[in-house]
Amino acid sequence: MGLKTFWHKLGSPRWFYGIANPWRVGFGLAAALLLSVGLVWALVYAPPDYQQGNAFRIFYIHVPSAMIAQSIYIGMGVAGLVLFVWRMKLADVAIAACLPVGMTMTALALFSGGVWGKPTWGTWWEWDGRTVSTLVLLFLYIGIYALRQAIMDPELRGKASALLAIVGTINIPIIKYSVDWWATLHQPATFTLTEKPAMPPEMYLPALVMALGLYSFVGYVILQRMQGLVLEREARTSWVRELAG
Amino acid sequence: MPEAIALRGLVCQRAGRDLFAPLDLRVEAGSLVELRGANGSGKSTLLRTLNGVHQQYRGQFTIDPCLFQGHRLGLDELLSPLENLRFAAALHDRQLDEDGAFAALERFGVVRYGLTRMADLSAGQQRRVAMARWYLAALPVWLLDEPFTALDADGQALLTQLMVEHCATGGVIVCATHMPVPIEAKTLLSLAMVA
Amino acid sequence: MPEAIALRGLVCQRAGRDLFAPLDLRVEAGSLVELRGANGSGKSTLLRTLNGVHQQYRGQFTIDPCLFQGHRLGLDELLSPLENLRFAAALHDRQLDEDGAFAALERFGVVRYGLTRMADLSAGQQRRVAMARWYLAALPVWLLDEPFTALDADGQALLTQLMVEHCATGGVIVCATHMPVPIEAKTLLSLAMVA
Amino acid sequence: MWRLLKREIMVMWRATGVIFNPLMFLFLAVMLFAVGAPPSTGGGSAVASYGGAILWILVLLTNLLSLDGLFRRDYDNGMIEQMATAPQPLFMLLLMRISAHWIAVGLLLTLLSPLLGVLLGVSVNALVVVFLTLLIGTPALSFLGATGAALTVSFARSGALLGLLILPLYLPTLIFGATAIHDQVNGVDNPAALYWLAVVSILAIGLGPFACAMGLRISLEMQ
Amino acid sequence: MWRLLKREIMVMWRATGVIFNPLMFLFLAVMLFAVGAPPSTGGGSAVASYGGAILWILVLLTNLLSLDGLFRRDYDNGMIEQMATAPQPLFMLLLMRISAHWIAVGLLLTLLSPLLGVLLGVSVNALVVVFLTLLIGTPALSFLGATGAALTVSFARSGALLGLLILPLYLPTLIFGATAIHDQVNGVDNPAALYWLAVVSILAIGLGPFACAMGLRISLEMQ
Amino acid sequence: MAFESLPDFLAMGGHALYVWLAYGAFALVLAVNLLAARRLKSRALREIRFQARVDRKETCD
Ligand code: HEM
Ligand SMILES: Nc1ncnc2c1ncn2[C@@H]1O[C@H](COP(=O)(O)OP(=O)(O)OP(=O)(O)O)[C@@H](O)[C@H]1O
Ligand SMILES: Nc1ncnc2c1ncn2[C@@H]1O[C@H](COP(=O)(O)OP(=O)(O)OP(=O)(O)O)[C@@H](O)[C@H]1O
Ligand SMILES: [Mg+2]
Ligand SMILES: [Mg+2]
């Protein structure tokens, strides 16, 4: 199938619902496999850090969740662009599906970072480059969420949140840059995130597996949500009726 | 001569629901269309659609440049009628001279309030200022939503005459109303609610 | 029996200026007063004065407990009709049962919008909800400012009937309007503008 | 009475997360301070009391921001008119509304203040004082502020005018609140500030609804 | 074009001192800080940079406060509708309006910043930087904020939601502004902050009106 | 294997609180996401089935 026909077919909710199934299952299986391997590896087999000891194991969930939190927001920005340029309804479904997942992942990154900070930095919270940009990310998510809550009309809800997601995505690099810049100026030297001096493979491999696993998991959940939302929106069509039995 | 307004299977929607059966209509220059329908049948929504601010609809339509008057007057309460008229002209990139504004306000009987804040005018007086705005707009199509609201007998007569004149000079008016417009030559467009 | 409304040399003022010549009037229970006057003659101001929120006037008046309906509906756009009716009852320290509210909304043809936000109703539908509010208010005097606005033929008939009923049960209505109220038995009160 | 309070809170819920928003706003403002003027730039031993004072000021500004909407919508849609002429005395209705405002803004922010305090580097024993002063002081903010909101509701863009009217009235509350925190941090045992805070709040609760009712009646005449 | 800008500024004048109010608000807020968290509690050499940062944050909050009114009245009275369907492109009209907002709020506050800086104990040579950063940075505030104002204008009480949407976007502006002041006070010669501030402002001016126009069209559909 | 025994594993070298808090939160977030997505879809299906029944009944009447 050419890229162009794929694009056109994406406009059809029914086609999407069908094609999403195998992908969802694939992501689900990959997530189950990678996460179970990754968890055991991270918790049991990976060596403790020579400075932080076993507190370092938080790394294996902290970094993947932080990465995913950012990826999902950018994904929403792209979906917003698609909604505006091609008026594809599925894009709004994607935004709606990504929102809660991204929000919880950001919260997880913040929480795991805080829990990691207590034994390593000696404090639950420190204003530092990455903490600030993650916090801002959370606020960006909450902003879209609050806006969606406030708008009743589904069509307009989609448009408004798409616009906001685009504006936010344009701003993300600026925010990240400014915050990093600020951090180099203000941050007491003791609080810099560990600059890993060439982490050994037995430490970064499990992180890689966990990250891939979490990405698969997120893919699974988002597709599942999108399917549910498509059903909700297409509730009156005959194919949905047939499918529901 | 192409028509000023053409609707081809136009159906307005609110919250994803169709409001009325598809409309097909061609309106020639110089016509008055009286838009009738029960409360909630979608008259206001149709006018907003034709004006381009409501974008949830099926079907197609074309329309010449138009002036819209909804339930909200589109006049700034903190400015005077004179200033409002001047700003309305500026929006259309035209300059309004004092004489023109004065004559328009005079025609609709509110010239003595020309310098008062809109907020301090009575409901009918505000409507009359709005009429002055239409009069000065120089736009071919007028979309009016219940324009007879709040006008006294004199004001209604002024409005009727304005409408007759506008159509006589080749203008088109679509007028949503619950009160029959006292003009003979008109097209009726009735909206029937979809259950 | 004392009168429901008595005006003794009442003159309303705006910005220190008299609006009309002094009014003297006694209104007995069961009457309908039709308040006429050109745009800007002071009808709305008079009603606000009788309601007690406008306090710039000369002369005296007495009035029984009254319900007021101005250009602004007095309904919360973020609440549903049902919630609005319930709140209106609470304001008068009465409890409103579901059946009562349901019956009132049904009578005015908006029961299917009972749970929709007011902001999502059409102009006429909102007016109908306001009528349900008057109907449930149980107040002797009604002060209505252009109550026929935005109502379709059916709505106007419903309103007329409501007014007849209210007067028949000893209520009093003062109704500012530019359209003659289609009721025979009424007192005319005309305001002449002071130059 | 109870029905009225319930209605007020319901409307707050309905109105685009009025409950939720002041809270978010406060969070963001705290972040701005932490980033823009980090406690460390304040330097020295005063940091702890600095965080508490910043928090107080921000709660005050959040309150101010939320006041503009207290009567605006109801004024525009004619509801205030209905309230002013209802048999229920207006000040009673206002008491309910302002209480709802306090619950949704003042009380909620107070409950969250310990968390925000941590973000601003307030020490744990100072947190208790911050919490206490906010609990006692925020009613004064809502009840004093309501009068200003009533007086300015007829103006189109009242935001800053409102601030102009109200902030001077807020000053004593702020001073007592900040002083109590400052004293605690510096180990001075001086309950007078707390007492005064309570006095201001009680006065505001007692007189606020009446002043507010008068303000609304004046605004109504401008329609 | 020019006539439109003139009209915007005239309306600002008319609208109950929009010009005057943000200014008073800022004065009062500065006073709150001077009273509640005086620079002296910060102690040491950091005071000067602290005052500048506080000033920046307050200008930012004042801006936010004034944004709620940017489209509110015109939305309610139907003027936005007229603007959206006028032959003049909407973004052009918005460019005028937002510029007027910047003149009435951002520029005015900038012009007053030296005076306020003195009240907050900013040293004289830091005052120049404060002034410069505000001059370059405030356009970003008006132009970024306008999009948020457009998206929230249809909600009854949008104050805090607006803050939630916009404040995260304001962060870079604040950081660059506060950092430039910090550098200057500490004798670091680092013009990068100013350049970045200019970049942010130019981006905001270039893209803001378009995003804002899209936001308004969405809000119009909710009427 | 970095640990000698199960208690050793649970103690996490003295960092038990932090490590298990973080992993607990991780598990919680995954579980919430999984369940919420499931519920969204199954609720949609349930409502569609119900609505279909209502419609069938109405067309019969
Ligand atoms: C609430 C506190 C924290 C937050 C919000 C946070 C946030 C982040 C973010 C956003 C990333 C970037 C992920 C990516 O590469 O895309 C990250 C990476 C990382 N964080 Fe944290 N963090 C926090 C606390 C900590 C603590 C306390 C430590 C360790 C002492 C830590 C160590 C790391 C490490 C080692 C990385 C990976 C470094 C790299 O990829 O360059 N973080 N964190
Ligand atoms: N808020 C106000 N401030 C000052 N003057 C006002 C105000 N509102 C109305 N006026 C003036 O008072 C006069 C009476 O106004 P009012 O609204 O009572 O008239 P009305 O009879 O209701 O007119 P209409 O038929 O147009 O509704 C008008 O001339 C008007 O200009
Ligand atoms: N903002 C809105 N959101 C959702 N639905 C709306 C909205 N406004 C109106 N509606 C619904 O759309 C339908 C049409 O409304 P519209 O205002 O177009 O009717 P109308 O013909 O102008 O009625 P009226 O004679 O009462 O003015 C109504 O049933 C109404 O309930
Ligand atoms: Mg209508
Ligand atoms: Mg009137």
Side-chain angles (χ1 to χ4, degrees), chain A residues 24 28 31 35 39 42-48 52-62 64-65 97 100-101 104-105 107-108 111-120 210 214 217-218 220-237 240-245, chain F:
Chain A
R24 183 171 60 88
L35 282 181
L39 270 178
L43 274 173
V44 183
Y45 288 97
Q52 304 178 11
N54 286 307
F56 185 76
R57 294 182 197 284
I58 298 175
F59 171 85
Y60 300 115
I61 53 176
H62 171 71
S65 56
V101 183
T104 46
M105 285 298 154
L108 180 61
F111 184 80
S112 58
V115 172
W116 197 0
K118 190 61 185 169
T120 47
M210 285 294 282
L214 205 55
F217 176 81
V218 163
Y220 171 81
V221 168
I222 289 176
L223 282 179
Q224 170 115 332
R225 289 195 88 93
M226 285 177 75
Q227 283 188 320
L229 290 168
V230 164
L231 288 180
E232 241 174 35
R233 285 172 201 211
E234 304 284 308
R236 302 193 170 280
T237 58
V240 168
R241 290 278 163 98
E242 273 166 35
L243 191 128
Chain F
M1 185 106 54
F3 299 98
E4 313 275 283
S5 62
L6 186 64
D8 200 19
F9 171 65
L10 292 177
M12 277 290 159
H15 287 135
L17 174 65
Y18 309 111
V19 173
W20 293 122
L21 254 183
Y23 277 83
F26 179 71
L28 187 72
V29 165
L30 293 204
V32 165
N33 271 304
L34 208 58
L35 292 181
R38 281 254 163 89
R39 227 196 44 182
L40 181 74
K41 195 169 161 188
S42 61
R43 201 188 48 200
L45 283 171
R46 196 163 352 104
E47 281 174 4
I48 289 161
R49 263 182 231 123
F50 183 81
Q51 190 62 45
R53 252 180 79 184
V54 171
D55 291 354
R56 263 201 305 274
K57 185 152 184 305
E58 274 180 358
T59 46
C60 286
D61 293 345

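A note on names: the letters A, B, ... follow the listed sequences, proteins ahead of strands, and every chain is numbered from 1.
Taking OG1 of A:T120 as the start and OH of F:Y18 as the end, the distance is 9.5 Å to the nearest 0.5 Å. Taking CG of F:L40 as the reference point, atom CD of A:Q227 lies at 10.5 Å (rounded to 0.5 Å). Interatomic distance, CH2 of F:W20 versus CZ of A:R57, reported as 9.0 Å (0.5 Å rounding). Once rounded to the nearest 0.5 Å, the distance linking CG of F:L28 with OG1 of A:T104 reads 10.0 Å. Atom CZ of F:F9 sits about 5.0 Å away from atom CG of A:L43, to the nearest 0.5 Å. For the atom pair CG of F:N33 and CZ of A:R225, the computed distance is 7.0 Å after rounding to the nearest 0.5 Å.
Heavy-atom pairs under 4.5 Å with chain F peak, among A:P100, A:A55, A:A97, at A:A55. Between chain A and the residues F:L45, F:L30, F:V19, F:L21, the largest count of heavy-atom pairs under 4.5 Å involves F:L30. Counting heavy-atom pairs under 4.5 Å between each of A:I222, A:N54, A:I58 and chain F puts A:N54 at the top. Looking only at heavy-atom pairs under 4.5 Å with chain F, the residue among A:V101, A:L214, A:L108, A:V218 that has the most is A:L108.
Pairing each heavy atom of F:A22 with each of A:I61, the nearest pair is O-CD1, 3.3 Å. Minimum interatomic distance between A:G228 and F:A44 (heavy atoms only, all atoms of both residues): O-CB, 3.8 Å.
Looking at F:R43, the atoms closer than 4.5 Å to chain A (heavy atoms on both sides) all sit in the side chain, from C-beta outward. Using a 4.5 Å cut-off between heavy atoms, A:A107 does not touch chain F at all. Contact of A:L223 with chain F is not made at all, since no heavy-atom distance falls under 4.5 Å. Neither the backbone nor the side chain of F:A16 comes within contact range of chain A; no heavy atoms are under 4.5 Å apart.
The side-chain contact (heavy atoms from CB on, under 4.5 Å) test applied to A:A31 returns A:S216, A:F217, not counting sequence neighbours. In this structure A:R24 satisfies the salt bridge (charged side-chain N to carboxylate O under 4.0 Å, His left out) test with no other residue, sequence neighbours excluded.
Side chains of F:E47 and A:L231 form no contact here, defined as non-hydrogen atoms less than 4.5 Å apart.
Atom CZ of F:R38 sits in a sparse spot, with 12 or fewer heavy atoms from other residues, nucleotides or ligands closer than 6.0 Å.
Although no hydrogens or angles enter the test, the distance criterion places no donor-acceptor pair under 3.5 Å between the side chain of F:Y23 and the main chain of A:L39.
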